Amino acid sequence: MSAYLTVIGECLVDVVQSETSAPKAHVGGSPFNVAVGLARLEHEVLFVGRHGEDEHGRMISRSLRAQGITSVLEPDAQPTSVAEATLDPTGQASYEFTLDWSLPSAEELEAACRRLAEQAHPGEHPPVELLHTGSIGAMLQPGAETVKQLIRDSREDATISYDPNYRPSIIPDRDAAREQAEVFIGLADVVQASTDDLDLLYPERSHEDTMRAWLEMGPALVVITRGASGAMALAGSGAVDQPAVPIEVADTVGAGDSFMAATLSMLRRLGLLGAARREELHAITRGQVEEVLAAAAQAAAITSSRFGAQPPTAEELDAALDAADVAVAAERAD
């Protein structure tokens with residue numbers, strides 16, 4: 001039976017500029033990028049995110065169709081959200097946002113997701129194995145409250161994943177943002193954040209202490225990305241460190257989202273997604289975590305090697321993993 005992976009959160013248009021190039025418009029938003037990453041890794045994806053009937057909204061609609069992603073919401077009369085991204089000389093991006101994040105009720109969204117999945121697979125009643133959220137969509141009201149309710153309602157069927165991707169320019173009250181993030185962490189099975197998130201939300205404690213605190217809130221797996229320093233993960237089976245894959249960086253836009261998409265894709269490959277497998281996910285071994293992080297690091301490297309949020313296809317990721325395996329075997333032979 002077919003199964004869907006669902007992503008709920010913002011989709012917007014990134015207007016990217018730097019000191020050396022003219023502004024360029026790209027469709028983006030962290031949850032949208034995760035949805036694209038999952039679709040390129042050959043998963044069936046439902047995306048729940050609003051956009052308008054304007055030209056930016058039409059860009060989003062075209063992009064969803066091109067990636068084979070099923071959009072749950074039709075365009076509405078409000079303007080499409082926009083993020084202005086400025087790249088520094090190292091390729092790191094900083095953002096300013098113009099946003100609208102209003103949604104139908106959780107019950108309406110759940111019914112729409114179920115209807116679209118069944119239309120695509122008549123008679124199958126395909127399950128939703130995953131519900132991913134994060135970033136602005138899980139912070140900005142009024143939509144964030146709807147997202148929270150949908151997550152609560154979906155836990156009996158789906159694995160829940162969450163990436164805070166905290167933006168203080170949007171939610172300047174750090175205490176409120178931290179409280180909101182911890183509600184979602186308590187509902188999640190898989191949590192990914194960056195060291196920037198941790199430094200902003202918990203400046204008074206170490207990254208490792210935050211990872212341990214988050215794991216105690218209920219997730220099976222906590223992953224922290226560290227940019228050029230790689231990533232680290234914590235599960236009940238222990239801690240795992242993953243070096244970054246050496247790459248010539250074009251920019252880092254969407255790299256963390258590609259990391260998340262590949263993490264979720266690998267967990268599905270390992271048979272660990274879906275609420276019925278929650279116990280198995282909590283029993284994930286260090287070897288399985290290493291396998292997951294190795295794939296996610298390759299995905300992030302591929303994305304960073306090209307301009308814009310362009311995550312790898314399944315073929316590209318498999319080729320990169322095969323090449324890495326060959327390199328390791330040759331090194332051991334020497």
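The chain is numbered in sequence order, starting from 1. All of these numbers come straight from a predicted model, not from anything done at the bench.
- In plain terms, the two heavy atoms of L38 and L130 that are nearest each other are CD1-CD2, 4.3 Å.
- The OG atom of S154 lies 5.5 Å from the CD1 atom of I160; values are rounded to the nearest 0.5 Å.
- When only modelled atom types and interatomic distance are considered, R205 and T210 share a side-chain donor-acceptor pair under 3.5 Å.
- Test E216, M211, R212, M217 against W214 for side-chain contact (heavy atoms from CB on, under 4.5 Å) and you get one pass: M217.
- At least one side-chain heavy atom of T263 sits under 4.5 Å from a side-chain heavy atom of Q192.
- Contact check for L272 versus T159: no side-chain heavy atoms found under the 4.5 Å cut-off.
- Summarising the geometry of P312 relative to R306, their closest heavy-atom pair is CA-NH2, 3.4 Å, with the distance given to 0.1 Å.
- Under the salt bridge (Lys or Arg N to Asp or Glu O under 4.0 Å) criterion, D100 pairs with R50, not counting sequence neighbours.
- Summarising the local packing, CZ of F307 is surrounded by 12 or fewer heavy atoms from other residues, nucleotides or ligands at distances under 6.0 Å.
- Side-chain contact between D189 and L221: absent, with no pair of heavy atoms (C-beta onward) separated by less than 4.5 Å.
- Nearest heavy atoms, R174 versus L200: CD-O, 2.6 Å.
- Proximity of L73 to L109: side-chain heavy atoms (C-beta onward) are separated by under 4.5 Å at one or more points.
- Listed for the T80 side chain is a donor-acceptor partner under 3.5 Å among the backbone atoms of G57.
- Atom CD of E96 has 12 or fewer neighbouring heavy atoms from other residues, nucleotides or ligands inside a 6.0 Å radius.
- Taking every heavy atom of both residues into account, P75 and E53 meet most closely at CB-CG, 3.8 Å.
- The main-chain N or O of M59 is never found under 3.5 Å from a side-chain atom of S63 such that the two would form a donor-acceptor pair.
- In this structure, V191 is not a member of the same hydrophobic cluster as L281, with clusters built from ILVMFWY side-chain heavy atoms closer than 4.5 Å.
- Here the CD1-NE2 distance, from I60 to H56, works out to 8.5 Å after rounding to the nearest 0.5 Å.
- With hydrogens and angles disregarded, no donor-acceptor distance shorter than 3.5 Å links the side chain of E156 to the backbone of A275.
- Remark: the backbone N or O of I8 is paired with a side-chain donor or acceptor of T133 at under 3.5 angstrom.
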(request) Could you check N33 against S30 for side-chain hydrogen bond (donor to acceptor under 3.5 Å, both in side chains), going step by step and ending with a plain yes or no? (result) CA-CA 5 Å; N33 291 340; S30 175; 5.9 Å; no

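- Side-chain atoms of E145 never come within 3.5 Å of backbone atoms of P142 as a donor-acceptor pair (strictly under, hydrogens ignored).
- Taking the side chain as every heavy atom from C-beta outward, H207 and R226 never approach each other to under 4.5 Å.
- Formation of a donor-acceptor pair under 3.5 Å by the Y162 side chain with backbone atoms of G186 is not found in this model.
- Looking at R62 and E55, a side-chain N of the basic residue comes within less than 4.0 Å of a carboxylate O on the acidic one, giving a salt bridge.
- For E129, the side-chain hydrogen bond (donor to acceptor under 3.5 Å, both in side chains) partners are R268, not counting sequence neighbours.
- Using a 4.5 Å cut-off on side-chain heavy atoms (C-beta onward), H121 and Y4 make contact.
- In this structure, R152 and V183 have side chains that are in contact, with non-hydrogen atoms separated by less than 4.5 Å.
- In the displayed structure, E315 atom CD is contacted under 6.0 Å by at most 12 heavy atoms of other residues, nucleotides or ligands.
- A distance-only check finds no donor-acceptor pair linking the side chain of R40 to the backbone of A314 [under 3.5 Å].
- Atom NE2 of H282 sits about 11.0 Å away from atom CD of E280, to the nearest 0.5 Å.
- One finds a salt bridge joining D318 and R269 here, because a Lys/Arg side-chain nitrogen approaches an Asp/Glu carboxylate oxygen to under 4.0 Å.
- Here the CZ atom belonging to F47 is positioned 14.0 Å from the CG atom belonging to L5, to the nearest 0.5 angstrom.
- Taking each heavy atom of D14 and G28 in turn, the nearest pair found is OD2-CA, 3.6 Å.
- Ionic pairing of E182 and R178 is not present here: no N-O contact between side-chain nitrogen and carboxylate oxygen is shorter than 4.0 angstrom.
- Between V223 and A233, the shortest heavy-atom distance links the atoms CG2-CB, 4.0 Å.
- Rounded to the nearest 0.5 angstrom, L131 CG and S161 OG are separated by 7.5 Å.
- Rounded to the nearest 0.5 Å, atoms NE2 (H51) and CD (E10) are 14.0 Å apart.
- Between the side chain of S135 and the backbone N or O of G137, no donor-acceptor pair lies under 3.5 Å.
- The side-chain heavy atoms of S258 and I302, taken from C-beta on, include no pair separated by under 4.5 Å.
- The environment of CD in E248 is sparse: at most 12 heavy-atom neighbours from other residues, nucleotides or ligands sit within 6.0 Å.
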